[in-house]
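Below: the structure, in structure tokens.
Everything numeric here is computed off the predicted structure, so don't read it as measured data. Counting starts at 1 for both ligands and their atoms, in listed order.
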Amino acid sequence: MDNLFNPEGVIQQAQALAAEAFGADHTYFLANGSTAGLLAAILATCRPGDKVILPRNVHRSVISGLILAGAIPVFVLPDYDSDLDLAHGAAPSTIAQALAEHPDSKAVLLVSPTYYGTCSDVETIAQLVHQSGLPLIVDEAHGAHFAFHPALPISALQAEADVVVQSTHKTLAALTQASMLHLQGNRVSPDRIAQALQLVQSTSPNYLLLASLDAARMQMATQGEALLDRALHLANNARSRIAQIPGLQVLASDRAATPGFFALDATRLTVIVAGLGIDGFTADEMLHQDLGITCELPAMHHLTFIITHGNTPEDIDRLVDALETLAQRHRNTAQSDTTRSLPTFPIASLQTQATYSPRDAFFAPRQTCAITDAIDRLSAELVCPYPPGIPVLMPGELITQAAIDYLKHIQAIGGFITGNSDPKLNYLQVITEP
Ligand SMILES: Cc1ncc(COP(=O)(O)O)c(C=O)c1O
């Protein structure tokens, strides 16, 4: 049944059909999620010591890529909505400034869309990046469906990005772990991508996963627009009904007042529950335990739901009914200034001076210390609430009181924190002072 590392038969045919359907020159099937694609994209474009420009709200797999490649991050800040505690995309002007300040960079990496479905102006950014002679890598893990409906945001490949990584398992019908890496143009060599993928993928990929990529591609190529039409209709119906529930708001594109929030994927529903006097983790627990609804992503102020072509009108009725019940239970107890009483964690507060590269920090001698003594030390661990998987502490970065307070708060209200060697978070690993 062909060989993923040297495809000449059915895998080659399936990848060629995928390239055609998604609009790439070459497509590579991934059996280890977008994680493998992002690792390979960084390994194929950066050597040890090379700089890569990227927003601070990247997924943890991107940091793993920096550790493996030995690349040096030039972090830029995404636009941040402080009312909703939401980090969006990076603005074109932010990328232009970073390119001007770091002309020796070797690549730019964007996350678009974010987990919340907010998209950057990838087209303008691609032009800027290409004018500097660099390749643009886009983590489009949440946007595999974009190419198949005109009402969805423009896909990163249409916007001329060079390397695009998509979790076909998130919004399309592939099995969990099945993803794709797409390549176009001549800024990144197909050989280099293939070699990098051979560093990070199994020599025994699961053929059910690979076949599911082909099936998901065929479904979109033959019926994509009609199926996504239905998903968009369901999502728009849910959006307008939820927006009418007193105490709840839904993230909409009319909030796109910043250049880092260029477009919104309408199939993502981010419901802001802070107006009910509860945080998103508490709301998630109630919905899950009592009301038969499990959200994709709970956060401090909101819950995010993904509507796909797998959903039915009954699903939407159940979601709206559950949110109505949740709102009724809490409306009377809601305080008028609740939103302000929930903690926010501005992404800018993560912007610390790193004295170590992620790779050097990963390999540096480390010691365990009580979390209260860890403040002002350099983290040896990558600690991140999951989902969304955006690291709060990353190897080599300064540990701040604000970061610890935030992690502790998320843990106290039932969020999952990953990457910390002490699951109770009483201790952290820090780099041993020279
Ligand atoms: C923005 C983003 N990028 C990359 C990934 C990694 O994708 P995968 O789980 O397919 O490895 C995720 C996973 O949630 C993600 O949210």
Taking atom CG of Asp315 and atom CG of Leu234, what is their separation to the nearest 0.5 Å?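 Output value for this atom pair is 8.0 Å.
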Let me confirm one number: the CD1-CD distance from Ile125 to Glu123, rounded to the nearest 0.5 Å.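 One finds 11.0 Å between CD1 of Ile125 and CD of Glu123.
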Could you tell me whether the side chain of Leu199 reaches within less than 4.5 Å of the side chain of Leu68, counting heavy atoms only?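 They are not in side-chain contact.
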Between Ser179 and ligand 1, which residue portion shows a heavy-atom distance shorter than 4.0 Å: side chain, backbone, both, or neither?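 Ser179 to ligand 1: side-chain contact only, backbone stays beyond 4.0 Å.
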Among Val163, Asp139, Leu181, exactly one meets side chain to side chain contact (heavy atoms under 4.5 Å, CB included) together with Leu38. Which residue is that?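 Only match with Leu38 under side chain to side chain contact (heavy atoms under 4.5 Å, CB included): Asp139.
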What I want to check is whether the side chains of [X] and [Y] have a donor and an acceptor closer together than 3.5 Å.
X	Y	answer
Thr308	Thr171	no
Asp279	His409	no
His182	Glu140	no

Minimum-distance protein heavy atom relative to [atom]:
atom	value
atom 2 (C) of ligand 1	Asp139 OD2, 3.4 Å
atom 6 (C) of ligand 1	His59 CE1, 3.4 Å
atom 8 (P) of ligand 1	Ser34 N, 3.4 Å
atom 9 (O) of ligand 1	Lys170 NZ, 3.6 Å
atom 16 (O) of ligand 1	His142 NE2, 2.7 Å

Under 4.0 Å, counting heavy atoms only: does Gln177 come that close to any atom of ligand 1?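 Distance cut 4.0 Å: Gln177 fails for ligand 1.
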Min heavy-atom dist Leu38 to ligand 1 below 4.0 Å: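 Right, Leu38 reaches ligand 1.
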Below 3.5 Å, N or O to N or O, backbone or side chain included: is there any such pair between Thr35 and ligand 1?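 There is such a contact, yes.
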Determine all donor-acceptor pairs shorter than 3.5 Å in which one atom belongs to a side chain in residues 4-19; sequence neighbours excluded.
| unit_1 | atom_1 | unit_2 | atom_2 | d |
| --- | --- | --- | --- | --- |
| Gln15 | OE1 | Phe29 | N | 2.8 |
| Gln15 | NE2 | Thr27 | O | 3.4 |

[X]: numbered ligand 1 atoms lying under 4.0 Å from its heavy atoms:
X	answer
Gly33	10 (O), 11 (O)
His169	8 (P), 9 (O), 10 (O)
Ala141	2 (C), 3 (N), 4 (C)
Ser167	7 (O), 8 (P), 10 (O)

Candidates His301, His302, His88 - the one meeting ring-ring contact (aromatic ring centres under 6.0 Å, His included) with Tyr116: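 Single ring-ring contact (aromatic ring centres under 6.0 Å, His included) partner of Tyr116 among His301, His302, His88: His302.
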